[in-house]
Trainee: 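Here you go, one structure.
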Amino acid sequence: MRHGIVRQHIIETASRLFYSNGYNLTGINEIIKEAKIAKATLYNHFKSKDAICVAYLKHKNDYFLEEINRFILAKKEGNSKILAVFDFLKQFYNQENFNGCWCIRTVAELPKDNELIKAEIRQQKMSFLALIETIIKQNIKTDHTKTLAKQIYLLYEGAVSESHLHKASWPIDAAKSICKKII
């Protein structure tokens, strides 16, 4: 395999393992075994498990942003584009392998001093907040765009966590209902 293809294969393998088993329960040896590569090959592409984790987080986030943007783009202008954030989440929840938010799952397992991964997670969360803010600006008139974006962001994040915890979609429905009231 070529360099880029091998790297991507490692990222996809690690992503599947980290998302399903968690960061702490996924070891380097398991990634190597599942990817069917040599240890030296893994370390030619990544210096550490943390570096693999950052690549995993970026991989998941890139896919998420691409899919949510495509989903929202297909909706009518106005409130429906904002509410589509929750419709997208419900579609994500209904996937066979839904296991909550990859960022929240990962950060919950990290030691307090792991700033490399936490910085990546903060950046991803801020980019999602910025996306919500952009959707609001493009679809409704309000003098409180930043505040409204933060409220919708918190509703979304709470709905992700609670739907995973309860193994039910009612938190997503409730968050969407609250969002309707605040927009």
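All heavy atoms count here, side chains included; hydrogens, waters and symmetry mates do not.
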Trainee: Within 45 degrees of the ring normal and closer than 6.0 Å to the centroid, is that where the cationic atom of K60 sits relative to Y19?
Mentor: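 Pair K60/Y19 counts as cation-pi.
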
Trainee: Can you hop from M126 to Y153 via hydrophobic side chains spaced under 4.5 Å?
Mentor: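 Yes, it is one cluster - the side chains of M126 and Y153 are joined through contacts under 4.5 Å.
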
Trainee: Is a side-chain N or O of S163 found less than 3.5 angstrom from the main chain of A159, in a donor-acceptor match?
Mentor: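 Checked: pair present.
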
Trainee: Considering non-hydrogen atoms only, spot the tightest contact between A149 and L129 and give its length.
Mentor: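 It is O-CD1, 3.5 Å.
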
Trainee: Under the salt bridge (charged side-chain N to carboxylate O under 4.0 Å, His left out) criterion, do K33 and E30 qualify, and how do the steps go?
Mentor: CA-CA 5 Å; K33 180 181 174 187; E30 185 178 6; over 6 Å; no

Trainee: Taking H9 for the side chain and A35 for the main chain, is one N or O donor matched with an acceptor at less than 3.5 Å?
Mentor: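 Such a contact is found between H9 side chain and A35 backbone.
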
Trainee: I would like to know whether E133 and K150 meet side chain to side chain contact (heavy atoms under 4.5 Å, CB included); could you show each step before the answer?
Mentor: CA-CA 8 Å; E133 192 173 326; K150 288 175 183 175; over 6 Å; no

Trainee: State the CD1-CD1 distance between I132 and I82, to the nearest 0.5 angstrom.
Mentor: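 One gets 10.0 Å once the value is rounded to the nearest 0.5 Å.
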
Trainee: Could you walk me through whether T13 and I32 satisfy the side chain to side chain contact (heavy atoms under 4.5 Å, CB included) test, starting with their C-alpha distance in whole Å, then the side-chain angles of each, then the deciding distance to 0.1 Å, before giving a yes or no?
Mentor: CA-CA 9 Å; T13 301; I32 291 166; over 6 Å; no

Trainee: Using a 3.5 Å distance criterion without hydrogens, assess whether the side chain of S20 forms a donor-acceptor pair with backbone atoms of R16.
Mentor: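 Such a contact is found between S20 side chain and R16 backbone.
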
Trainee: For residues I52 and I11, determine if any side-chain heavy atom of one lies less than 4.5 Å from a side-chain heavy atom of the other.
Mentor: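 With C-beta onward as the side chain, the pair stays apart.
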
Trainee: Quick one: does any side-chain atom of K118 pair with a main-chain N or O of K112 as donor and acceptor, under 3.5 Å?
Mentor: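 Such a contact is found between K118 side chain and K112 backbone.
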
Trainee: Does the N61 side chain pair with the main chain of L57, one donor and one acceptor, at a distance under 3.5 Å?
Mentor: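 Checking the backbone N and O of L57 against the side chain of N61, no donor-acceptor pair under 3.5 Å is found.
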
Trainee: Do H45 and Q8 have side chains that approach each other closer than 4.5 Å (heavy atoms only, starting at C-beta)?
Mentor: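 Sidechains of Q8 and H45: no contact.
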
Trainee: Ignoring hydrogens, what is the shortest heavy-atom contact between K125 and C101? Give both atom names and the distance.
Mentor: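 Reported closest heavy-atom pair: NZ-SG, 3.1 Å.
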
Trainee: Say you draw a straight line from CD1 of I31 to CD1 of I37; how long is it, rounded to the nearest 0.5 Å?
Mentor: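 Rounded to the nearest 0.5 Å, the CD1-CD1 separation comes out at 8.5 Å.
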
Trainee: Atom CD of E120 and atom SG of C103: how far apart are they, to the nearest 0.5 Å?
Mentor: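 Rounded to the nearest 0.5 Å, the CD-SG separation comes to 7.5 Å.
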
Trainee: Could you tell me whether the side chain of I182 reaches within less than 4.5 Å of the side chain of I152, counting heavy atoms only?
Mentor: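 With C-beta onward as the side chain, the pair touches.
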
Trainee: Taking it one step at a time, do K176 and D87 satisfy side chain to side chain contact (heavy atoms under 4.5 Å, CB included)?
Mentor: CA-CA 8 Å; K176 183 179 177 181; D87 297 333; 2.6 Å; yes

Trainee: If only atom types and distance count, is the side chain of S169 paired as donor or acceptor with the main-chain N or O of I172 below 3.5 Å?
Mentor: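 It does not hold such a pair.
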
Trainee: Does a donor on one side chain and an acceptor on the other come within less than 3.5 Å for D50 and N114?
Mentor: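 A donor-acceptor contact under 3.5 Å links the two side chains.
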
Trainee: Roughly how far apart are I135 CD1 and T145 OG1, rounded to 0.5 Å?
Mentor: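 I135 atom CD1 to T145 atom OG1 measures 12.5 Å (nearest 0.5 Å).
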
Trainee: Could you pull out all residues at least two apart from Y23 that satisfy ring-ring contact (aromatic ring centres under 6.0 Å, His included)?
Mentor: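 With neighbours one apart ignored, the set is F18.
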
Trainee: Is there a side-chain contact between H164 and V160, using heavy atoms and a 4.5 Å cut-off?
Mentor: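 No, their side chains stay 4.5 Å or more apart.
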
Trainee: Looking at K58, I'd like to know if its NZ atom is crowded, meaning that more than 12 non-hydrogen atoms belonging to other residues, nucleotides or ligands lie closer than 6.0 Å.
Mentor: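 No, because the 6.0 Å sphere around NZ of K58 holds 12 heavy atoms or fewer from other groups.
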
Trainee: Please work out which of the three classes, parallel, tilted or perpendicular, describes the rings of F88 and F92, given edges at 30° and 60°.
Mentor: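 Taking F88 first and then F92, their aromatic rings lie parallel (interplane angle under 30°).
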
Trainee: Output yes when a side-chain donor or acceptor of E109 lies under 3.5 Å from a complementary backbone atom of N24, and no otherwise.
Mentor: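 The answer is yes, because a donor-acceptor pair under 3.5 Å joins these two groups.
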
Trainee: Might you work through the side chain to side chain contact (heavy atoms under 4.5 Å, CB included) test for F86 and L155, ending with a clear yes or no?
Mentor: CA-CA 9 Å; F86 298 98; L155 287 170; 3.9 Å; yes

Trainee: If two hydrophobic side chains count as joined below 4.5 Å and joins carry through other members, does Y63 share a cluster with I72?
Mentor: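 No; I72 is not reachable from Y63 via cluster members.
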
Trainee: Do I104 and W102 share a hydrophobic cluster (ILVMFWY, side-chain heavy atoms under 4.5 Å, transitive)?
Mentor: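 Unlinked, I104 and W102 end up in two clusters.
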
Trainee: Without swapping roles, check the side chain of Y43 against the backbone of A38 for a donor-acceptor pair under 3.5 Å.
Mentor: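 Here the side-chain-to-backbone pair does not exist.
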
Trainee: What I'd like to find out is whether the side chain of E157 reaches to under 4.5 Å of the side chain of F128, using heavy atoms alone.
Mentor: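 Contact flag for E157/F128 side chains = yes.
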
Trainee: Keeping N139 on the side-chain end and K81 on the backbone end, is there a donor-acceptor pair under 3.5 Å?
Mentor: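 Not a single qualifying donor-acceptor pair exists.
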
Trainee: Please tell me whether L25 and I10 are part of a single hydrophobic cluster in this structure, the criterion being side-chain heavy atoms less than 4.5 Å apart.
Mentor: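 Not linked; separate clusters.
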
Trainee: Parallel, tilted or perpendicular: which describes the rings of Y93 and F98, with under 30° parallel and over 60° perpendicular?
Mentor: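 Judged by the thresholds at 30° and 60°, the geometry between Y93 and F98 is perpendicular.
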
Trainee: Just so I know, are the side chains of V107 and I117 near enough to count as touching, which here means a heavy-atom distance under 4.5 Å?
Mentor: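 No, too far: nothing below the 4.5 Å cut-off.
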
Trainee: Centroid separation under 6.0 Å, is that true for the rings of F46 and Y56?
Mentor: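 No, they do not, as the ring centres are separated by 6.0 Å or more.
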
Trainee: Sub-3.5 Å donor-acceptor pair from the side chain of T26 to the main-chain atoms of L17, do we have one?
Mentor: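 Answer holds: yes.
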
Trainee: Any chance you could lay out the side-chain hydrogen bond (donor to acceptor under 3.5 Å, both in side chains) test for Q95 and Q91, step after step, and finish with the verdict?
Mentor: CA-CA 7 Å; Q95 290 178 352; Q91 180 179 292; over 6 Å; no

Trainee: Give, for atom CG of L148 and atom CG of D143, the distance between the pair rounded to the nearest 0.5 Å.
Mentor: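 Interatomic distance, L148 CG to D143 CG, rounded to 0.5 Å: 11.5 Å.
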
Trainee: Within the 4.5 Å heavy-atom criterion, are N29 and K39 side-chain neighbours or not?
Mentor: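 The answer is yes, as the side chains (C-beta and beyond) meet within the 4.5 Å cut-off.
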
Trainee: In the structure I gave you, are the side-chain heavy atoms of Q124 and L65 within less than 4.5 Å of one another anywhere?
Mentor: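 With C-beta onward as the side chain, the pair stays apart.
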
Trainee: Measure the spacing between CD1 of I178 and CD1 of I183 and express it to the nearest 0.5 Å.
Mentor: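 Rounded to the nearest 0.5 Å, the CD1-CD1 separation comes to 12.5 Å.
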
